[in-house]
Amino acid sequence: MPIARYWVVKTGGNEVTEEMVKVWKENFLEYAMEKGCLRGALVADGERIIAGTIWPDLETMDAVIESDHYSNIGEVVSASWGAGGINLPEDIELVCNGEVLAMMVPGGL
């Protein structure tokens with residue numbers, strides 16, 4: 001069963017910059033995709049950033065999250081976002097892992 005993971009982070013009214021997006025994409029998302037993540041997205045409104053990923057199973061996701069490299073990624077992303085006024089982990093509102101119950105993608109899943 002595919003697994004979705006969502007992080008919801010308050011922005012405190014701070015702008016989400018292109019650099020913050022680039023750092024997340026190049027450090028976390030590219031690594032996650034290399035290690036089995038199926039899809040990922042970073043979205044924002046005026047109050048929060050939501051990072052979402054879809055994994056083939058819990059074991060694949062856990063292998064990434066529990067890796068030593070994941071800690072390094074967290075430091076790089078935290079520094080970038082912190083420079084923009086978003087403080088991780090203090091500004092995290094929600095982290096949710098759950099089974100994907102329904103989803104449509106080209107070619108199926």
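- Scanning all heavy atoms of the two residues, the minimum distance from W55 to L38 falls at C-CD1, 3.9 Å.
- Of all heavy-atom pairs spanning V77 and L88, the tightest one is CG1-CD1, 4.2 Å.
- M1 and M103 are not part of a single hydrophobic cluster, where members link through side-chain heavy atoms under 4.5 Å apart.
- Side-chain contact between I54 and R5 is absent, with no heavy-atom pair separated by less than 4.5 Å.
- Closest of all the heavy-atom pairs between P56 and T60 is CG-OG1, 3.8 Å.
- Between V8 and I92, every side-chain heavy-atom pair lies at or beyond the 4.5 Å cut-off.
- Taking 4.0 Å as the cut-off between side-chain N and carboxylate O, E47 and K10 do not count as a salt-bridged pair.
- The shortest non-hydrogen separation linking A51 to L42 is CB-CD1, 3.7 Å.
- When only modelled atom types and interatomic distance are considered, T53 and Y6 share no side-chain donor-acceptor pair under 3.5 Å.
- When side chains are defined from C-beta on, C37 does not count as touching Y31, because their heavy atoms never get closer than 4.5 Å.
- Residues R48 and V9 are not in side-chain contact: their nearest non-hydrogen atoms beyond the backbone lie 4.5 Å or more apart.
- Side-chain contact between I3 and V100 is absent, with no heavy-atom pair separated by less than 4.5 Å.
- Considering only heavy atoms from C-beta on, K22 stays 4.5 Å or farther from T17 through its side chain.
- Here the shortest heavy-atom pairing between M20 and G84 reads SD-CA, 4.4 Å.
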